[in-house]
Amino acid sequence: MNLIDSIAAFRSHSARLARPLGLVPTMGALHDGHMSLVRRARRENAALAATIFVNPAQFGPREDYHAYPRDLDADLRKLQDAGADVVFAPSAAEMYPAGFDTYVDVGIAERLEGAARPGHFRGVATIVCKLLTIVRPDRAYFGQKDAQQALVIERLNADLNLGAQIITCPTVREPDGLALSSRNAYLDPDERAAAAVLYRALTRARGAASPDAARRLVLAHVEAEPLASLEYVSVADAETLEELDTLDRPALVSLAVRVGAARLIDNILIE
Ligand code: PAF
């Protein structure tokens with residue numbers, strides 16, 4: 001497995017990679033959710049690339065960029081064991097050199113997480129656009145846990161003709177339903193137990209007769225957990241993310257919840 005930290009070196013190396021080439025972009029701190037993407041990309045492609053880059057542009061000024069978990073050696077061991085051919089792990093200066101002044105805005109990014117975290121998807125779309133342009137994969141793999149991110153990236157890839165097939169893979173969960181996330185590392189044992197409320201609340205919404213009833217059920221369920229505080233709950237069209245008044249089409253039920261120092265998100269699809 002090759003570890004590369006410069007764009008020029010990646011470009012000259014990538015000509016030697018077999019096709020189809022699968023890409024798993026990550027911010028590192030790899031857990032089994034990431035590894036499920038890596039395993040699938042390994043199965044479906046002749047060559048496998050991963051990127052590890054904690055992207056400063058997608059964190060707000062008061063967010064956890066500096067605290068975000070980093071463990072490059074452990075990540076490289078996992079990727080090597082999973083059969084990755086190449087890992088691109090650039091520095092922030094390599095990706096955003098002095099004078100960098102071009103950002104990508106995607107319309108669907110304004111709702112939900114985009115409204116709660118201004119600038120977040122601008123940072124995501126910009127870095128993913130750069131990574132897809134540098135790596136030129138045939139397929140790129142993302143997790144359904146970040147459902148809005150996946151929609152933003154599909155739109156970006158289609159609108160800017162980036163040429164990858166975007167594949168969104170199912171959320172991987174702990175036995176109590178908590179979605180795997182690098183930010184789960186911020187939870188102490190009591191908070192970790194409380195964090196199971198996210199998925200429990202989402203599953204309550206499944207039986208609801210209307211979007212409003214679903215929102216009320218989720219709110220009541222999260223409010224009953226003293227260590228959790230609900231930031232938002234949404235029942236939205238699964239493609240446009242417009243809030244729904246009636247459950248007459250596939251809906252994305254999503255929420256953001258603070259548990260201690262962690263801000264956690266999760267979602268389910270209701271067909
Ligand atoms: O989902 C993530 O880990 C990041 O948002 C991504 C897609 C790697 C962009 O930095």
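When reading the values below, keep in mind they use all heavy atoms of this one structure, side chains included, and skip hydrogens, waters and symmetry mates. We count residues from 1, following the sequence as given. Counting starts at 1 for both ligands and their atoms, in listed order.
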Inset, instruction - For the pair D266 and R200, find out whether any cationic side-chain nitrogen is under 4.0 Å from an anionic carboxylate oxygen. - result: no
Inset, instruction - Classify the ring geometry between Y103 and Y96 as parallel (under 30°), tilted (30 to 60°) or perpendicular (over 60°). - result: parallel
Inset, instruction - Output yes when E94 and K130 qualify as a salt bridge under the 4.0 Å nitrogen-oxygen rule, no when they do not. - result: no
Legend entry - Residue pair N45 / P20: nearest heavy atoms and the distance that separates them: CB-O, 3.4 Å
Legend entry - With sequence neighbours excluded, residues passing salt bridge (Lys or Arg N to Asp or Glu O under 4.0 Å) with R117: E63
Inset, instruction - Ignoring hydrogens and angles, tell me if any N or O in the side chain of D75 forms a donor-acceptor pair with the backbone of L30 under 3.5 Å. - result: yes
Are there any N/O pairs under 3.5 Å between ligand 1 and the protein, and if so, what are their distances?
from	atom 1	to	atom 2	distance (Å)
ligand 1	1 (O)	Q149	NE2	2.8
ligand 1	5 (O)	Q58	NE2	3.0
ligand 1	5 (O)	Q149	OE1	2.7
ligand 1	10 (O)	Q58	OE1	2.7

